Amino acid sequence: MPELPEVETTLRGIEPWITGQIIDLITVRQGSLRWPVTEGMAEIVQGQAVLAVRRRAKYLIIQLGHGSMLIHLGMSGSLRLTDRALEWRKHDHIEMQLSNGSTLRYHDPRRFGCWLWSANDHSQLARLGPEPLSDAFDSEHLFTLSRKRKMAVKPYIMDNNIVVGVGNIYASEALFRSGIRPDRAAGRISHQRYRVLSGHIKEVLAAAIEQGGTTLRDFVNGNGEPGYFQQTLDVYGRGGQACYKCQGALKEIKLGQRSSVFCPSCQR
DNA sequence: ACACTAACCTGCAAGC
DNA sequence: TGCTTGCAGGTTAGTG
């Protein structure tokens with residue numbers, strides 16, 4: 001699944017083809033996703049114009065005149081522009097046809113994503129923390145909210161109420177670059193170290209966006225192309241292998257059900 | 001309010 | 001060659 005850089009890459013790939021177009025047809029072949037696709041969504045949005053497409057956290061929002069569609073790619077989802085006549089692949093669940101001939105396919109083997117319509121605000125967007133690349137996200141924010149919290153720092157920075165868009169890959173990478181152990185209690189990390197960490201979170205996300213995201217298994221951008229950031233990963237998926245800084249063996253532990261790889265010598 | 005678990009679902013790789 | 005087990009990019013709902 002796409003983490004924030006993959007969602008951003010998808011947005012940039014599809015946005016120019018969709019904004020300003022009229023939705024001619026939406027076809028839902030499999031509506032059983034993380035939440036059921038909104039009943040009657042296709043009928044409601046057909047004929048409406050797309051005013052804008054934007055991203056908030058890992059959600060994509062297709063803004064229409066009378067409401068919006070909220071899309072999440074879950075762990076295995078992807079969106080791509082296709083040839084309208086392209087044969088349906090297994091796990092292609094939804095298709096949106098636009099007035100300029102563009103066609104968007106939603107593909108999601110595990111079906112952890114969503115595609116919802118609402119005339120008002122989407123409840124999923126309430127209570128989300130700041131965007132990691134915005135000025136609202138800084139060391140002050142991380143430091144203040146973490147006081148007295150016993151939770152390990154890795155699940156802490158992956159908590160969407162604290163900051164959005166930091167998933168398992170980039171949390172691991174940012175902690176390695178910062179020299180902070182992923183299992184250290186969030187409440188016992190200094191303001192100075194949070195300054196380093198917040199900087200690395202921004203840096204690693206920005207670099208991944210620049211390289212078109214990280215491709216693991218089947219991620220593709222809006223044009224069906226892979227990302228290249230996996231060539232830059234220092235620790236994610238490298239448990240047991242040599243640390244690039246000290247050559248020691250990287251250790252793998254579980255934190256909050258997620259595997260976490262780190263260097264016990266470089267990260268303290 | 002916080003900390004932690006189980007759950008949603010499919011595909012794939014490893015182990016027996 | 002199978003069969004079983006565990007693991008995977010995310011997020012929420014439920015427990016104490």
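All chains are named by letter (A, B, ...) in the order of the sequence lines, taking the proteins before the strands, and each is independently numbered beginning at 1. Because the structure is a prediction, the values reported are computed rather than measured.
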Is F112(A) stacked on the base of dC8(B), meaning ring centres closer than 5.5 Å and planes within 30 degrees of each other?
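Taking the rule of under 5.5 Å and under 30°, the ring of F112(A) does stack on dC8(B).
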Residues in contact with DNA chain C, drawn from residues 250-258 of chain A - heavy-atom cutoff 4.0 Å:
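Residues of residues 250-258 of chain A that come under 4.0 Å of DNA chain C are, in numerical order, K254(A), R258(A).
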Got a sec? Which of residues 117-128 of chain A come in under 4.0 Å of DNA chain C, heavy atoms?
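Contacts with DNA chain C under 4.0 Å: none.
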Can you name the residues that form a salt bridge (Lys or Arg N to Asp or Glu O under 4.0 Å) with E95(A), not counting sequence neighbours?
R105(A)
Considering residues at least two apart in sequence or located in another chain, which fulfil the salt bridge (Lys or Arg N to Asp or Glu O under 4.0 Å) criterion with E173(A)?
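Expected list: none.
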Check the interface with nucleotides 14-16 of chain B: list each N/O to N/O pair with the protein under 3.5 Å, or write none.
none

Name every residue in residues 150-157 of chain A that has at least one heavy atom under 4.0 Å from any atom of DNA chain B, in order of residue number, or write none if there are no such residues.
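The stretch gives K150(A), M151(A) as the residues lying under 4.0 Å from the strand, ordered by number.
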With sequence neighbours excluded, give me every side chain to side chain donor-acceptor pair (under 3.5 Å) pair touching residues 60-70 of chain A.
R54(A)-Q63(A), S68(A)-H122(A)
Can you run down the side chain to side chain donor-acceptor pair (under 3.5 Å) pairs that involve residues 154-165 of chain A, sequence neighbours left out, and say none if there aren't any?
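Pairs touching residues 154-165 of chain A that pass the test: K154(A)-N168(A), K154(A)-S260(A).
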Looking at every strand, decide which applies to N160(A) at a 4.0 Å heavy-atom threshold: base, sugar-phosphate, or nothing.
sugar-phosphate
My understanding is that only residues two or more places apart in sequence, or in another chain, count here; which of them pass side-chain hydrogen bond (donor to acceptor under 3.5 Å, both in side chains) with R188(A)?
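None.
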For DNA chain B, just give me the dot-bracket, please: Watson-Crick or G-U, both distances below 3.5 Å, ( ) intra-strand, [ ] crossing earlier pairs, | paired with another strand, . unpaired.
.|||||||.|||||||
Check: residues 197-208 of chain A side-chain donor-acceptor pairs under 3.5 Å, at least two apart:
{"residue": "S198(A)", "atom": "OG", "partner": "Y194(A)", "partner atom": "O", "Å": "2.9"}
{"residue": "S198(A)", "atom": "OG", "partner": "R195(A)", "partner atom": "O", "Å": "3.1"}
{"residue": "H200(A)", "atom": "NE2", "partner": "R177(A)", "partner atom": "O", "Å": "3.4"}
{"residue": "K202(A)", "atom": "NZ", "partner": "P132(A)", "partner atom": "O", "Å": "3.0"}
{"residue": "K202(A)", "atom": "NZ", "partner": "S134(A)", "partner atom": "O", "Å": "2.8"}
{"residue": "K202(A)", "atom": "NZ", "partner": "F137(A)", "partner atom": "O", "Å": "2.8"}
{"residue": "E203(A)", "atom": "OE2", "partner": "R177(A)", "partner atom": "NH1", "Å": "3.4"}

Pairwise P distance for dC9(B) and dC3(C), with rounding to whole Å
24 Å
If the condition is ring-ring contact (aromatic ring centres under 6.0 Å, His included), which residues does H191(A) pass it with, not counting sequence neighbours?
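Checked H191(A) against ring-ring contact (aromatic ring centres under 6.0 Å, His included); matches are F143(A).
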Correct closest heavy-atom pair for G179(A) and R193(A) would be O-NH2, 2.9 Å
